[in-house]
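Here is the structure we will look at, set down as structure tokens.
Because the structure is predicted, anything quoted here is derived from the model rather than measured. The figures that follow rest on heavy atoms only: side chains count, while hydrogens, waters and symmetry mates do not.
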Amino acid sequence: MTSGQEKNRQRMKQLLGKPGNGNCADCGIAEPEWASYTLGVFVCHSCSGLHRNIAQISKVKSVLLDPWSLSEVEFMDSVGNNAAKAKYEQIVPAFYYCPTYKDCMLLREQWIRAKYERKEFLSVERQEPYSAGYREGFLWKRGRDNGQYLSRKFILSEREGVLKYFNKHDAREPKAIMKISTVNATFQPTKIGTAHGLQITYLKDNSTRNIFVYHEDGKEMVDWFNAIRAARFHYLQVAFPGASNSDLLPKLTRNYIKEGYMEKTGPKHTEGFKKRWFTMDDRRLMYFKDPLDAYARGEVFIGSKENSYTVLPGLPPNIQGYHWQFGITIVTPDRQFLFTCETEEDQKDWMAAFQTVTNRPMLPQEYAVEAYFKHKP
């Protein structure tokens, strides 16, 4: 290697030390080792692969392994992550979901495309698909009983405060009306089995109902997701007029605290343990026969330590009928719930998940939910 090239590489390494360049420009993970020499940003290996999908705009090279010309180094020096963010993220709406390295590929790819390819955050008009307060279109929805995906018309209306879908394209009455006040949306590519799979939940008679949808076009799916977030944001601004954006934004949509299989027994602790799919959604622990069931078989409210909810490792003595060895007991003011996990690691993870919930003081509105669970038939 010529001494000039070695010099250029050393300068590139030094540029990683400049403010902003020490984290990926797109997902925020530390120590990026790739760079787009047409955009002037430093990115991680994973995001560099997504930049290759917009090769007409972004050309990437390894900071450490590829040769760099003097003009490329000068360009990288003149831009860098902070300047690029100031340019490409000028007007990101407050409700817009900005993914991190922990998020699914779809969210990250569409974020990169939105910034550099579609330049959505340079003008408000380009944000129309998710900020207009009204959206309609067709999504593939999983049938509740047969698991087949069928095309269904969806309408999101901020003015009416609802998301609804129709079973027939010309139907006048919707099959389901979901109130924006209780809607949640979370990407579930692994669970649904498609890269664009979105799980939408809402409360119906205070019980959780799941629907699973996808669209072949990734942009369409992410636009729906952000449109739901926008509608939730405006609903919450009205419902909690004094609240700051930093209070409201975490409530727009939420990922589940934990999901996975455990075994459970009934209230008398005399039945055999059955394997079920569990979802910890905020303070609701739900269990399903199948991960893609529309309704939970049961829901348990988990309050805080101050309100006598505790989580203990192991099972009480003399319990029988379980196959998995790693037990967990959840003690509530009314009864004990017994679960078993397949591995010690699973047990630790579930214990940690339950403890994040019990360690958090209950909010005033959560007392109403607790009361509902106590008086549920």
Minimum side-chain heavy-atom gap [X]-[Y] below 4.5 Å:
| X | Y | answer |
| --- | --- | --- |
| Met262 | Thr340 | no |
| Thr358 | Thr310 | no |
| Ile302 | Thr332 | no |
| Asn307 | Pro333 | no |
| Val183 | Thr201 | no |
| Leu163 | Trp224 | yes |
| Trp111 | Cys27 | no |
| His269 | Ile319 | yes |

If I take atom [atom1] from residue [X] and atom [atom2] from residue [Y], how far apart are they, to the nearest 0.5 angstrom?
| X | Y | atom1 | atom2 | answer |
| --- | --- | --- | --- | --- |
| Asn359 | Glu306 | CG | CD | 8.5 Å |
| Ile228 | Met178 | CD1 | CE | 8.0 Å |
| Cys44 | Glu33 | SG | CD | 10.5 Å |

Heavy-atom donor-acceptor pair, [X] side chain to [Y] backbone, under 3.5 Å:
| X | Y | answer |
| --- | --- | --- |
| Asp293 | Asp290 | yes |
| Thr38 | Ile57 | yes |
| Asn21 | Leu16 | no |
| Lys85 | Ala25 | yes |
| Arg152 | Asn167 | yes |
| Glu128 | Glu125 | no |
| Ser58 | Ala55 | no |
| Arg135 | Pro129 | yes |
| Arg52 | Val60 | no |

Are [X] and [Y] close enough that a side-chain donor and a side-chain acceptor fall under 3.5 Å?
| X | Y | value |
| --- | --- | --- |
| Arg118 | Gln127 | no |
| Thr265 | Glu271 | no |
| Glu6 | Gln10 | yes |
| Glu220 | Tyr214 | no |
| Glu345 | Thr343 | no |
| Tyr309 | Glu370 | yes |
| Ser46 | Arg108 | yes |
| Asn184 | Thr253 | no |
| Tyr116 | Asp26 | yes |

Common cluster, [X]/[Y], ILVMFWY with side-chain heavy-atom separation under 4.5 Å:
| X | Y | result |
| --- | --- | --- |
| Leu107 | Leu249 | yes |
| Leu312 | Val357 | no |
| Ile211 | Val162 | no |
| Phe233 | Ile200 | yes |

Checking Glu136 against Tyr134 for the side chain to side chain donor-acceptor pair (under 3.5 Å) test, could you report, in this order, the C-alpha distance in whole Å, the side-chain angles of both residues, the deciding distance, and whether it holds? CA-CA 7 Å; Glu136 68 173 81; Tyr134 181 87; 2.6 Å; yes

Cation over ring, [X] on [Y], under 6.0 Å and within 45°?
| X | Y | answer |
| --- | --- | --- |
| Lys59 | Tyr37 | no |
| Arg209 | Tyr295 | yes |
| Lys61 | Trp68 | yes |
| Arg254 | Tyr256 | no |
| Lys153 | Tyr165 | no |
| Lys258 | Trp350 | yes |

If you draw a 6.0 Å radius around CD in Glu216, do more than 12 non-hydrogen atoms from other residues or ligands fall strictly inside?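 Yes, the 6.0 Å shell around CD holds more than 12 heavy atoms from other groups.
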
Verify the neighbour count for atom NZ of Lys179: are there more than 12 heavy atoms of other residues, nucleotides or ligands below 6.0 Å?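 It does not: Lys179 NZ has 12 such atoms or fewer within range.
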
Would the [X] and [Y] ring centres measure less than 6.0 Å apart?
| X | Y | answer |
| --- | --- | --- |
| Tyr97 | Phe225 | yes |
| Phe288 | Phe278 | no |
| Tyr261 | Trp277 | yes |
| Phe212 | Tyr149 | no |
| Phe187 | His196 | no |

Hey, mind stepping through Phe138 and His169 against ring-ring contact (aromatic ring centres under 6.0 Å, His included) and telling me if it holds? CA-CA 9 Å; Phe138 293 93; His169 292 183; 4.4 Å; yes

Ionic contact status for [Y] with [X], cut-off 4.0 Å:
| X | Y | result |
| --- | --- | --- |
| Lys115 | Glu120 | no |
| Glu263 | Arg276 | no |
| Arg284 | Glu299 | yes |

Decide yes or no on side chain to side chain contact (heavy atoms under 4.5 Å, CB included) for Glu74 and Leu70, but give the supporting numbers first. CA-CA 6 Å; Glu74 298 282 341; Leu70 181 59; 3.7 Å; yes

Identify all side-chain donor-acceptor contacts of residues 324-331 below 3.5 Å with residues at least two apart in sequence or on another chain.
residue: Gln325; atom: NE2; partner: His323; partner atom: O; Å: 2.9
residue: Thr329; atom: OG1; partner: Gly314; partner atom: O; Å: 2.8

Which is it for Phe166 and Phe154 under the ring-ring contact (aromatic ring centres under 6.0 Å, His included) test, yes or no, and what are the steps along the way? CA-CA 7 Å; Phe166 299 80; Phe154 280 76; 9.0 Å; no

Please determine whether side chain to side chain contact (heavy atoms under 4.5 Å, CB included) holds for the pair Lys18 and Asp77, giving the CA-CA distance in whole Å, both sets of side-chain angles, and the decisive distance to 0.1 Å. CA-CA 9 Å; Lys18 277 177 76 171; Asp77 193 6; 2.9 Å; yes

Would you sort out whether Gln237 and Asn245 count as a side chain to side chain contact (heavy atoms under 4.5 Å, CB included), showing the intermediate values? CA-CA 8 Å; Gln237 283 179 316; Asn245 280 6; 4.2 Å; yes

Evaluate the ring planes of His234 and Phe95, with Trp represented by its six-membered ring, and classify them as parallel (under 30°), tilted (30 to 60°) or perpendicular (over 60°).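 It falls in the perpendicular class, over 60°.
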
Got a sec, which residues hit salt bridge (charged side-chain N to carboxylate O under 4.0 Å, His left out) with Asp282, two or more places apart in sequence or on another chain?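 Testing Asp282 for salt bridge (charged side-chain N to carboxylate O under 4.0 Å, His left out), a comparison that skips the adjacent residues, returns Arg360.
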
